[in-house]
Chemist: 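Dropping the structure in here first, questions after.
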Protein chains: 2
Amino acid sequence: MSVDHVTVLRGEEELFGRTAHLFATASEITCAARDLNTWAATHRHPRDARQVSTPRLRKLFRPGVLLNPSTAQHVRWVSAQGAAVRITPDDINETIIIDRRFAILAGDLVDGRRDYGVVTEPTVVQNVASLFDAAWRSATDLAVYDAQHAELRALAPRVLELLASGCKDETAARTLGLGVRTYRRRVAELMTALGAESRFQAGARARDLGLI
Amino acid sequence: MSVDHVTVLRGEEELFGRTAHLFATASEITCAARDLNTWAATHRHPRDARQVSTPRLRKLFRPGVLLNPSTAQHVRWVSAQGAAVRITPDDINETIIIDRRFAILAGDLVDGRRDYGVVTEPTVVQNVASLFDAAWRSATDLAVYDAQHAELRALAPRVLELLASGCKDETAARTLGLGVRTYRRRVAELMTALGAESRFQAGARARDLGLI
DNA sequence: CCGGGAATGGCAACTTGTTGCCGATGCCGG
DNA sequence: CCGGCATCGGCAACAAGTTGCCATTCCCGG
């Protein structure tokens with residue numbers, strides 16, 4: 001087994017610099033993103049002139065991206081461009097799959113720079129792709145998800161603010177003019193949206209997504 | 001009362017550009033910092049040739065900065081340079097006071113850029129300075145604090161990781177080979193260090209400080 | 001006007017987290 | 001060896017958070 005099938009690139013610039021040709025000629029791009037920091041630049045790539053048709057685009061996001069107005073706007077824009085957008089509460093790794101022939105897997109953040117592994121080994125790519133498909137199937141279409149959570153997003157910012165202030169549920173509920181039960185419903189919904197199982201984790205993720 | 005005594009500057013660059021002369025000729029610099037993002041650049045300022053003696057430097061930090069290896073290193077470096085460094089669990093606003101004649105107060109973060117108010121009005125500056133002194137007196141010297149919290153820092157990374165993973169205290173304690181009581185002691189200490197009153201807030205701050 | 005679905009918030013049972021207390025254990029310095 | 005001194009961890013009382021249940025209210029389409 002050769003190691004040549006995996007290339008590690010450092011930072012978005014290098015990644016997109018070295019893989020631009022893949023994007024330009026792709027007919028199917030599939031992308032899972034935890035937040036938008038990672039793949040924010042994707043759409044900026046100029047399409048290759050040789051490119052006849054617009055590639056099929058599938059994007060899978062975590063619910064949290066919709067809570068932040070600016071990332072939510074981006075998601076909507078992507079959707080409006082014709083991409084299929086779905087939302088999943090599952091923990092997903094950041095991944096791009098191109099034509100089921102190349103997989104780009106995001107690694108850890110080091111000094112503000114992220115590593116990316118570009119995989120070309122067919123079997124591995126197929127595996128990654130099928131894992132993605134599973135996640136995709138269980139995810140909710142953006143429009144559907146949107147309809148379900150319209151007013152949650154309206155309330156979420158203030159709930160987050162209060163949670164982040166460290167005050168008790170009692171206090172927070174009064175502040176919002178809500179019953180404690182209802183406030184806690186909001187918190188629970190928020191935690192589900194963030195894929196968090198504890199308040200600590202929710203706090204970390206909320207901060208992670210820039211919601212606070 | 002004239003407004004001329006307060007100048008608002010936007011961003012660190014403008015701040016340090018416009019106040020460099022103050023730093024260069026200062027004989028006493030006093031500085032309170034919540035994290036290092038704000039005053040990170042402070043020490044980089046070249047000293048003015050006219051400057052005879054090294055200014056007296058007092059720096060007040062929150063405990064959280066010691067939890068992050070890189071910021072902790074910076075704090076230690078500052079201390080080694082001869083600055084007096086103390087740690088306070090109090091909520092402090094980010095402030096620089098120069099020779100008890102100028103006060104620089106950090107404002108909110110807007111679009112990743114922070115506003116700074118430069119105050120020259122003597123009465124206000126004196127007031128700010130005396131508030132700082134009060135906080136300084138009740139703060140703990142870095143060396144002392146260090147000795148007192150050695151074992152917290154040893155475990156903090158793993159505790160944070162477990163908290164961030166969303167698992168229950170029971171599970172986390174077992175994982176670390178600790179009793180639940182002891183694990184919770186660590187969590188409580190951590191929350192104190194982070195200045196958090198709830199686990200949600202702790203999660204947000206931990207993430208904020210890059211501890212997760 | 002009426003029936004049904006959705007949101008609300010009180011209640012309560014239960015889980016999780018918080019903290020003081022205290023005996024046990026281990027590590028010094030005398 | 002012995003008397004502090006600190007840490008550990010079990011216990012327990014309490015506070016905080018989680019969730020199902022359900023009566024009430026409101027809104028909307030029929």
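Chain naming here is simple, since letters A, B, ... match the order of the sequence lines and numbering starts at 1 in each. Any value given below was found using the heavy atoms of this structure, including those in side chains, with hydrogens, waters and symmetry copies removed.
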Chemist: Given atom CD of A/E189 and atom P of D/dT19, what is their separation to the nearest angstrom?
Modeler: 11 Å
Chemist: Check the distance between D/dT7's P and B/L178's CG and give it to me in whole angstrom.
Modeler: 14 Å
Chemist: Please work out if A/R199 contacts a base, only the sugar-phosphate, or nothing of the nucleic acid, heavy-atom cut-off 4.0 Å.
Modeler: sugar-phosphate
Chemist: Rounded to the nearest Å, what distance is computed from the CG atom of residue A/D169 to the P atom of nucleotide D/dA16?
Modeler: 9 Å
Chemist: What is the separation between atom CD on B/E197 and atom P on D/dA16, rounded to the nearest whole Å?
Modeler: 11 Å
Chemist: Among D/dG10, D/dC22, D/dG20, which nucleotide sits nearest the side chain of B/R181?
Modeler: D/dG10
Chemist: Report the distance from atom CG of A/L162 to atom P of D/dA16, rounded to the nearest whole Å.
Modeler: 16 Å
Chemist: Roughly, in whole Å, what's the span from CD in B/E170 to P in C/dT15?
Modeler: 13 Å
Chemist: Does A/R174 pair with A/E170 as a salt bridge, N-O distance under 4.0 Å?
Modeler: yes
Chemist: For DNA chain D, whose closest nucleotide is more 5', that of B/G177 or that of B/R184?
Modeler: B/G177
Chemist: Less than 4.0 angstrom from a charged side-chain N to a carboxylate O is my criterion; do A/R199 and A/D169 meet it?
Modeler: yes
Chemist: Picking from D/dG9, D/dA16, D/dC21, which would you name as closest to the side chain of A/R185?
Modeler: D/dC21
Chemist: Looking at B/R158 and B/E161, does any basic side-chain N land under 4.0 Å from a carboxylate oxygen?
Modeler: no
Chemist: How many whole angstroms separate atom CZ of A/R174 from atom C1' of D/dA16?
Modeler: 15 Å
Chemist: Can you find a heavy atom in the side chain of B/L160 that is under 4.5 Å from one in the side chain of A/F200?
Modeler: yes
Chemist: Take the protein atom OH of B/Y183 and the nucleotide atom P of C/dT19, then report the distance between them rounded to whole Å.
Modeler: 14 Å
Chemist: The side chain of B/V187 is closest to which nucleotide in this list: C/dT18, D/dT18, D/dT19?
Modeler: C/dT18
